[in-house]
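What follows is a set of notes on a single structure, which appears directly below.
Just so we're clear, the structure is a prediction, and the values are computed from it rather than from any experiment. Note that these values count all heavy atoms, side chains included, but never hydrogens, waters or copies made by symmetry.
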Amino acid sequence: MSTVANLKVVHLSSAHYAADSRILHKECKSLAGAGHDVTLLAPHERDTVVGGVKIKALHPPKSRWKRWTAGMWRLYRHVERLPADLYHFHDPDLIPFGMWLSLRGKRVIYDAHEDLPNTFPYKYYIPACARKMLGWLAGRIEKLAARRFAAVVAATPTIAKRFSEYNTNTVVVRNFPSLAEVALGRSLPWNERPPLVVYVGSMAPERGFREAMAAMSLLPENLNARLAFAGPVTPELRKQIDDLAGADRTNLLGLLGRTEVASLLGRARVGLVPLHRMPNFVNALPVKLFEYMSAGVPVIASDFPLWREIVEHGGCGLLVDPCDTKGMARAIEYLLTHSEEAQQMGARGRKAIERHYNWKTEERQLLALYNSPCCRPTRPDSQKSLAA
């Protein structure tokens, strides 16, 4: 529990849905559990309360443009009516909004989920000729804005290094899984599991979904292997997938809730993390890697130095070139045909989560930040309405 007076906190996101694992199920629930009064303002169907967190629903945006225009105005109107000690936002899009709050005397935390400048190479909605320049500009704005904020929360040590000289209250809160979440779903005994390969998360070209499907198409038919994608699927993406090799061995499950994800992993024999070798991914700590390990599912992951350290040291899976579909197919076939070894890999992954890579250690970092002087209000009118 918090050792000092509890805070009234508003978490903000216009890009992430309210049920986001990091935002709601880890950060907000941990803060609420420590006694803080937590409100989450994010896209959702309706106002509700989850795990002690009050969710104020924003209308889900239909496009980026609407999110950046009408969506921003709706966010402003909501925040006007939500006075708080601290405002904690999760999207780079909201940096101008965070600056505005800071200039109004509010304490603001920026939660940097990604290495923003290095995400621009795969922002395909931006003309290729402008991505490098805009990435540099976004990085400069992000760093300069960080000087104004009470603190910066970084999802990885690499991201934290970018901000530490601009804001001394920069802390690393990694996106490790909660041990309690795996118990949400029903888990089948290993020898009763079907030859199911899973890919949890966003399906984008740079995240390797095409290569995963191509690898499935190369597997021997007698394996009867299936690939299950658990992530948002647009009509355009569904049409693309229907035309790719391996479509006949692929199931599109759409966006699943946490209990449904846990149940899916409880039936799986292999978990895929085939992200391409892009600057933002090489030093990332993808939540799906640790969720697979937490569920005792052996992983097949891209052979990046940081991931090699985790997977090889933990003995919890195999590493591949994410663009080598034949190599990926061989790795999948190996795990499906060496059942006992695969089960042992999964067990070692689970043990590594219990010992090193779990949310409990990150929760302590977050709560310590909230209890530090930089996040404590200094004026009695800190919760005065922004409209005043």
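Under the salt bridge (Lys or Arg N to Asp or Glu O under 4.0 Å) criterion, D324 pairs with no residue, sequence neighbours left out. R269 is linked by a salt bridge (Lys or Arg N to Asp or Glu O under 4.0 Å) to nothing, counting only residues two or more places apart in sequence or in another chain. Residues passing the salt bridge (Lys or Arg N to Asp or Glu O under 4.0 Å) test with R131: none are found, sequence neighbours excluded. With sequence neighbours excluded, the residues satisfying side chain to side chain donor-acceptor pair (under 3.5 Å) with Y110 are E142. S102 is linked by a side-chain contact (heavy atoms from CB on, under 4.5 Å) to V108, R148, counting only residues two or more places apart in sequence or in another chain. By the side chain to side chain donor-acceptor pair (under 3.5 Å) test, N251 is found to be paired with R226, residues two or more places apart in sequence or in another chain being considered. Residues satisfying the salt bridge (Lys or Arg N to Asp or Glu O under 4.0 Å) test with D115, not counting sequence neighbours, are R162.
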Exercise. With side-chain contact (heavy atoms from CB on, under 4.5 Å) as the test, would you mind laying out the steps for N358 and F290 before giving the verdict?
Key: CA-CA 8 Å; N358 64 77; F290 299 103; over 6 Å; no
Next item on the list: Under the ring-ring contact (aromatic ring centres under 6.0 Å, His included) rule, what do F149 and Y87 come out as? Steps first, then yes or no, please.
Entry: CA-CA 10 Å; F149 299 146; Y87 295 88; over 10 Å; no
Check the pair L272 / V198 against side-chain contact (heavy atoms from CB on, under 4.5 Å), numbers first and verdict last. CA-CA 6 Å; L272 295 181; V198 297; over 6 Å; no
_Stepwise salt bridge (charged side-chain N to carboxylate O under 4.0 Å, His left out) test for K54 and D37_ = CA-CA 9 Å; K54 292 172 281 189; D37 182 346; 2.7 Å; yes
With salt bridge (charged side-chain N to carboxylate O under 4.0 Å, His left out) as the criterion, how do E333 and R330 come out once you've worked through the C-alpha distance, each side chain's angles and the decisive distance to 0.1 Å?
CA-CA 5 Å; E333 183 176 359; R330 286 194 295 271; over 6 Å; no
- Query: Can R376 and N371 be said to form a side-chain hydrogen bond (donor to acceptor under 3.5 Å, both in side chains), step by step?
  - Reply: CA-CA 7 Å; R376 290 279 143 186; N371 284 341; 3.2 Å; yes
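Screening residues 207-222 for side-chain hydrogen bond (donor to acceptor under 3.5 Å, both in side chains) gives R210-Q240, E211-H276 as the qualifying pairs, with residues at least two apart or on separate chains. For residues 16-34, every residue pair satisfying the salt bridge (charged side-chain N to carboxylate O under 4.0 Å, His left out) rule, not counting sequence neighbours, is listed here: R22-E27, R22-D111. For residues 235-259, no pair satisfies ring-ring contact (aromatic ring centres under 6.0 Å, His included), with sequence neighbours left out. Here salt bridge (charged side-chain N to carboxylate O under 4.0 Å, His left out) pairs that include residues 87-103, with residues two or more places apart or in two chains, are R67-D93.
The shortest side-chain heavy-atom distance between D85 and R107 does not fall under the 4.5 Å cut-off. Side-chain contact check for I23 versus H113: some heavy-atom pair is nearer than 4.5 Å. Side-chain atoms of F281 and S302, non-hydrogen and from C-beta on, never get closer than 4.5 Å to each other. At least one side-chain heavy atom of L369 sits under 4.5 Å from a side-chain heavy atom of V153. I241 places a side-chain heavy atom less than 4.5 Å from the side chain of M213. Under the 4.5 Å side-chain criterion, counting only non-hydrogen atoms from C-beta, E114 is not in contact with T156.
Ionic pairing of E291 and K288 is not present here: no N-O contact between side-chain nitrogen and carboxylate oxygen is shorter than 4.0 angstrom. Between K351 and E354 no salt bridge is recorded (no basic side-chain N to carboxylate O distance below 4.0 Å).
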Identify each donor-acceptor pair in which a side-chain atom of residues 306-315 lies under 3.5 Å from a protein atom, sequence neighbours left out, and give them as a table.
| from | atom 1 | to | atom 2 | distance (Å) |
| --- | --- | --- | --- | --- |
| W307 | NE1 | A284 | O | 2.9 |
| R308 | NE | D303 | OD1 | 2.8 |
| R308 | NH2 | D303 | OD1 | 3.1 |

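Between F97 and Y76, the angle of the ring planes goes over 60°, which puts this pair in the perpendicular group of the 30/60° scheme.
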